[in-house]
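Data block below; observations after.
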Amino acid sequence: MTTPATTAPRAPQGTGVSGGEPDLWCTYAAVRTLAWLDRTGSVTGADGTAAYLAGRRNADGGYAWSRGMLSDAWATFYCTQGLRDLGRPVPGPDATSRWLDSTWSGDAYAMLPGQAPDVWATHFSTRSAAELCGGRVPDPDRLLDWLSGLQCAGGGLSWSPEDARRGKADVRACYYGVMAWRAATGQTSGAIPPWDVPALTEWLRARQAKSGGFHFAPAAEVPCLWATYRAVGALRALGETPRDPDACRDWIMGLRGPTGAFVRWEGYDVEDVWASFCAVGTLKALGAPLAPVADAVTARISELACAGGGYTYREPPAAADALSTAAAVLSADPGSPRPDGVRWLEGCQLPNEGGVMYMPGRGSEVRCTLWALAAGAFAEDPAARRRIADWLAELQNADGGFGYWEGRGSDMVSTAAAVETAALLGGPDGLGLDLAGVLAFVDSCRVSPHSHDVHGPHDARVPHGPHEGPDSHDARVSAVSQASRAEPYAHGNVPGGEPGLRPALQAQRVRMLLGPAFAEPAEVSEAVRVLLARHRVRGGGYAGAGNRVPDLLSTYEAVLAADRAGLGLDTAHLRAFTDRVRDAGGTAWSPLAPGSGGPLADCLGTLLARRPAAGPGVLPALALS
């Protein structure tokens, strides 16, 4: 059972840290909202915004949440849809199509190659394949069969067939499932949805509150605009309407703030970009006129534009986020703590999801929750800590791992962050987590010379997309060095993923936290020793792959794991690295990328520089990737 919210839906108090930079989700939401209003001519700095979106494209044809990160389905959809809304060409759609094929599991799409498929990714990639690449999914029949398995006994749809069997229905999953079906069938006249549509319709309609808004699920605390948009959008795609459309429209119009734009919850005090996106999207789905809100929403969105292009969720100087704020708290001089930053972080726990939101008004995210707790948030608030524990237990996937947010496929970074979060809450035992399942997921990420051939060489699930021959999938995955796969203790971020130091050490940290009932401490310590020796760079620091180019994230992870395993630290070796990446301007992510990498890099660099004098046991677990 979810513990009720202990915080009212208000914007965080205290002082957060904002870099004033654009955010991809915010930029997509702003551009799409203006497109719905037929106001794309009002996009502030359209050339810069288009360059911001196009600049997330990787060499593999996919797009990343930010430069230097791996391509994922969400970012690929948002970037390409944003470019299309701006009337700009999308570069290299054939390469993007091939990247999409690499995420096909044989039944549906995953967010990253190698992850388990989920309905978030399946929605994004099915629509990208159909709307951007002009093609079909690799196997429409298999996809429709997978989509049919999303329906829970109660009628709603869930994040995956496995979650459906656990009864975890959500209006967001309903929307993504229905829209994936529409894209996969090409909106063919007479196409029959693969569900019991009357039961699905009734479940969606039952989520409408007396006020007119919708809840995410039966256990959700209050109605909100995000849930309302997804529920009404799903009903519209099924040719249905809410139980009370007029009450829904009136409730939405009652959420207008002082500028005439929208807030997500009743009583909330920030007219953020997602609220206007959801409000306009819902009004459009209801067939309501948009003209009465168009001028106010357009004007408000213009206030959210960032210098050089792109948008954030509110006025850029005030658009703080949880990671930057936690970083500032953690790296503050011990003599000058930042309690106002801790207070702001505590305000990022808002209704319906017990974790900490990256930006207030979006969804709870497991890494942000870990960083906030590590920074001291909720230390004296047992009810808030219980909400986090309950949310964490709900976040665990059927495969035993965790994803960044609810319904997303599991990966090692998120799983390690979840277990570390549980440890900060007094666990991981006793919090309702399936610890054996956690270990099973971690073990599934272990890399061997044959682990890329997950389903066997002749299994029908090996994808054969329209742009590849029968051997291209194996060739693509086989690009991973066979030598690195043969190394002991190698792990990838996802099952079958490319091995690296960080996921391998994260796996060992998880095993340590699970305790001797799940992993022999001496074996874990030996694994850490072997991994550190393998990736130690002679001139200082540790490399994520091989042992030649050190980087900040891998070095932080290495020192953290060494301390946890009780291994000695070569302080001169660490100082040689920190001296190379730190200067008066901040900390670089790598000696090859001089200049400050921003508040997160500066935080990790500061903590590493303090470690030789502070001794073991002082580094918080602050993994990012």
Side-chain angles (χ1 to χ4, degrees), residues 32 73-74 76-78 80-81 97 100-101 103-111 116-165 167-207 214 216-217 227 229-242 281-282 284-285 407-409 461 463 465-466:
R32 178 52 55 93
W74 184 310
T76 299
F77 179 81
Y78 280 0
T80 56
Q81 291 283 324
S97 180
L100 292 171
D101 288 344
T103 68
W104 177 255
S105 74
D107 297 300
Y109 287 102
M111 198 70 77
D118 61 63
V119 77
W120 296 92
T122 297
H123 160 258
F124 294 130
S125 294
T126 302
R127 289 187 61 184
S128 293
E131 298 172 16
L132 171 69
C133 303
R136 304 176 68 198
V137 301
D139 192 331
D141 291 338
R142 296 282 291 263
L143 175 60
L144 291 175
D145 184 62
W146 186 87
L147 289 171
S148 73
L150 299 180
Q151 192 159 33
C152 300
L157 305 188
S158 191
W159 311 108
S160 69
E162 294 79 13
D163 283 324
R165 290 191 284 272
K168 298 180 67 173
D170 190 288
V171 299
R172 292 167 293 187
C174 295
Y175 175 87
Y176 296 135
V178 170
M179 296 304 287
W181 161 71
R182 287 188 61 185
T185 57
Q187 302 183 32
T188 303
S189 176
I192 300 174
W195 307 289
D196 179 344
V197 175
L200 173 56
T201 300
E202 178 56 31
W203 188 89
L204 283 165
R205 285 176 171 163
R207 305 284 71 77
F214 283 74
F216 284 128
Y229 170 48
R230 295 312 188 195
V232 174
L235 287 167
R236 169 70 182 273
L238 291 168
E240 303 289 349
T241 61
T282 309
K284 181 177 172 66
R408 182 160 171 178
R461 285 176 288 183

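Note that this is a predicted model, so its numbers are computed, not measured. When reading the values below, keep in mind they use all heavy atoms of this one structure, side chains included, and skip hydrogens, waters and symmetry mates.
- Ala110 and Ala116 make their closest contact through CB-O, 3.7 Å (heavy atoms, listed as atom of the first residue, atom of the second, distance).
- For Trp159, the ring pair (Phe, Tyr, Trp, His ring centres under 6.0 Å) partners two or more places apart in sequence, or in a different chain, are Trp120.
- Contact between Ala130 and Ala183 at its shortest, heavy atoms only, is CB-O, 3.8 Å.
- Between Leu147 and Pro194, the shortest heavy-atom contact is CB-CG, 4.3 Å.
- Residues passing the ring pair (Phe, Tyr, Trp, His ring centres under 6.0 Å) test with Phe216, sequence neighbours excluded: Trp226.
- Between the side chain of Arg207 and the backbone N or O of Trp203 there is at least one donor-acceptor pair closer than 3.5 Å.
- The aromatic rings of Trp181 and Trp195 sit perpendicular to each other, their planes meeting at more than 60°, with 30° as the lower class boundary.
- In this structure, the side chain of Thr80 engages the main chain of Phe77 through a donor-acceptor pair within 3.5 Å.
- We find the CG-CG distance between Leu238 and Leu204 to be 7.0 Å, quoted to the nearest 0.5 Å.
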Practice prompt. Could you go through the side-chain contact (heavy atoms from CB on, under 4.5 Å) check for Lys284 and Arg236 one step at a time?
Written response: CA-CA 10 Å; Lys284 181 177 172 66; Arg236 169 70 182 273; 5.7 Å; no
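- Ser148 places a side-chain N or O within donor-acceptor distance of the main-chain N or O of Asp145, the cut-off being under 3.5 Å.
- Contact annotation: the side chain of Trp104 approaches that of Leu143 to within less than 4.5 Å [non-hydrogen atoms, C-beta and beyond].
- Every side chain to side chain contact (heavy atoms under 4.5 Å, CB included) that Asp196 has, sequence neighbours left out, goes to Gln151, Pro198, Ala199.
- Here the side chains of Asp101 and Pro138 are in contact, with some heavy-atom distance below 4.5 Å.
- Proximity of a side-chain donor or acceptor of Thr103 to a complementary backbone N or O of Met111 within less than 3.5 Å is not detected.
- Across every non-hydrogen atom of Val232 and Pro242, the tightest pair is CG2-CG, 3.9 Å.
- Considering every non-hydrogen atom in both Ala234 and Val178, the closest pair reads O-CG1, 4.1 Å.
- With sequence neighbours left out, the salt bridge (Lys or Arg N to Asp or Glu O under 4.0 Å) criterion links Arg32 to Asp85.
- Taken to the nearest 0.5 Å, the CH2 atom of Trp74 stands 10.5 Å off from the NE2 atom of His123.
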Worksheet entry | side-chain contact (heavy atoms from CB on, under 4.5 Å) assessment of Val119 paired with Leu150 | CA-CA 8 Å; Val119 77; Leu150 299 180; 3.6 Å; yes
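- Considering OG of Ser160 and CZ of Arg165, their distance stands at 7.5 Å, rounded to 0.5 Å.
- Side chain of Arg205 to main chain of Thr241: a donor-acceptor pair is present (N/O by atom type, distance under 3.5 Å, no hydrogens or angles).
- Take Glu202 and apply the side-chain hydrogen bond (donor to acceptor under 3.5 Å, both in side chains) test, not counting sequence neighbours, and it matches no residue.
- Partners of Asp118 according to the salt bridge (Lys or Arg N to Asp or Glu O under 4.0 Å) rule, which considers only residues two or more places apart in sequence or in another chain, do not exist here.
- For the pair Leu100 and Cys133, the minimum side-chain heavy-atom distance is below 4.5 Å.
- When side chains are defined from C-beta on, Phe214 does not count as touching Arg230, because their heavy atoms never get closer than 4.5 Å.
- The nearest pair of heavy atoms linking Asp163 to Ser158 is CB-OG, 3.0 Å.
- Between Cys174 and Leu200, the closest side-chain pair of non-hydrogen atoms falls below 4.5 Å.
- Counting only heavy atoms from C-beta outward, the side chains of Tyr109 and Thr126 approach each other to under 4.5 Å.
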